[in-house]
Amino acid sequence: MTLTELKAQLLSLTPAEKAEIIQLLSQNLAIAWQGINKTPGVMGGDACIRETRIPVWLLVSYRRSGMNEAKILDNYPTLSAADLANAWTYAEAYHDEIEAAIQKHEEA
C-alpha cells in the first residue's frame, strides 16, 4: 500500500476509528521496540531479542506449541520476563511479519 492510498483510507474513517488509529500509533511509538533488534546479516534480518540470536518468531512458535513462559525462560536463561513481554508485543504489532517468518522456517 502506498502512502497516498493510506491517506485516502485514513480520511474515510469515522472519528472513533481515527482515534483508535492514533492510539495504536502512539503506543507503537512509545514502545519503540525496546529490546527488539533487527540487524541485517543476523538471523536473516529477523527481529531478535536484544543483542541475541533468538528470533521473536521462534518464541512465538514455542508459545503456540504449548510451551509456557517459565519453560521458555528455563530453556533460554539469558532471557527475562520483560524480553518475552517485548516479544509478544512486537509479534502482535507485526503479526504478518512474524507469521511469514514462522511459515518460512516451517517449510525449511
Side-chain angles (χ1 to χ4, degrees):
M1 173 180 300
T2 67
L3 184 56
T4 302
E5 293 168 333
L6 179 59
K7 285 180 184 178
Q9 287 188 354
L10 288 173
L11 292 173
S12 70
L13 296 175
T14 67
E17 290 169 330
K18 288 176 183 174
E20 190 174 338
I21 293 295
I22 290 169
Q23 182 180 15
L24 175 66
L25 290 172
S26 65
Q27 287 172 348
N28 184 311
L29 290 171
I31 293 169
W33 308 121
Q34 182 179 8
I36 305 292
N37 299 320
K38 289 175 85 173
T39 306
V42 176
M43 299 305 290
D46 288 337
C48 292
I49 301 299
R50 58 172 172 74
E51 300 178 23
T52 72
R53 297 176 67 87
I54 304 169
V56 172
W57 69 261
L58 181 64
L59 298 173
V60 170
S61 182
Y62 286 154
R63 189 181 200 192
R64 285 185 186 165
S65 70
M67 190 180 291
N68 64 33
E69 290 188 8
K71 185 68 173 170
I72 294 171
L73 293 173
D74 283 345
N75 288 337
Y76 293 93
T78 60
L79 295 183
S80 68
D83 291 325
L84 293 182
N86 289 335
W88 309 150
T89 302
Y90 183 92
E92 184 177 316
Y94 293 96
H95 177 78
D96 292 345
E97 173 189 325
I98 298 303
E99 289 302 315
I102 290 171
Q103 178 109 14
K104 180 177 87 174
H105 290 89
E106 284 178 350
E107 293 172 355

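With sequence neighbours excluded, the residues forming a side-chain hydrogen bond (donor to acceptor under 3.5 Å, both in side chains) with T2 are E5, listed by chain and number. Listed by chain and residue number, W57 satisfy the ring-ring contact (aromatic ring centres under 6.0 Å, His included) test with H105 (two or more places apart in sequence, or in another chain). In this structure, the side chain to side chain contact (heavy atoms under 4.5 Å, CB included) partners of E17, at least two apart in sequence or on a different chain, are L13, T14.
Counting non-hydrogen atoms of neighbouring residues, nucleotides and ligands closer than 6.0 angstrom, the CD atom of E51 reaches no more than 12 such neighbours. Residue K71 places its NZ atom among 12 or fewer non-hydrogen atoms of other residues, nucleotides or ligands, all under 6.0 Å distant.
Linking ILVMFWY residues whenever their side-chain heavy atoms come closer than 4.5 Å, directly or via other members, leaves M43 and Y94 in distinct clusters.
In this structure, CZ in R53 is found 11.0 Å from CG in D46, a value given to the nearest 0.5 Å. Between the CE atom in M67 and the CG atom in N75 there is a gap of 5.0 Å [rounded to 0.5 Å]. In this structure, CG on L11 lies 9.5 Å from CG on L6, to the nearest 0.5 angstrom. Taking OG of S12 as the reference point, atom NZ of K18 lies at 8.0 Å (rounded to 0.5 Å).
Taking all atoms of both residues into account, the shortest heavy-atom contact from E97 to A47 is OE2-CB, 3.9 Å. Among all heavy-atom pairs drawn from A91 and I98, the shortest one is CA-CG1, 3.8 Å. Closest of all the heavy-atom pairs between L79 and R50 is CA-NH2, 4.0 Å. Across all non-hydrogen atoms, the minimal contact from A87 to L59 is CB-CD1, 4.1 Å.
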query = Should R63 and L84 be marked as a side chain to side chain contact (heavy atoms under 4.5 Å, CB included) after you check the CA-CA gap, both sets of side-chain angles, and the distance that decides it?
reply = CA-CA 10 Å; R63 189 181 200 192; L84 293 182; over 6 Å; no
From CA spacing to verdict: side chain to side chain donor-acceptor pair (under 3.5 Å), D83, S80 = CA-CA 5 Å; D83 291 325; S80 68; 3.2 Å; yes
ask   = Taking it one step at a time, do L58 and Y76 satisfy side chain to side chain contact (heavy atoms under 4.5 Å, CB included)?
value = CA-CA 12 Å; L58 181 64; Y76 293 93; 3.5 Å; yes
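Residues W88 and V56 are not in side-chain contact: their nearest non-hydrogen atoms beyond the backbone lie 4.5 Å or more apart.
Under a 3.5 Å cut-off, the side chain of N68 and the backbone N or O of A70 do form a donor-acceptor pair.
In this structure, a donor-acceptor pair under 3.5 Å is present between the side chains of E107 and Q103.
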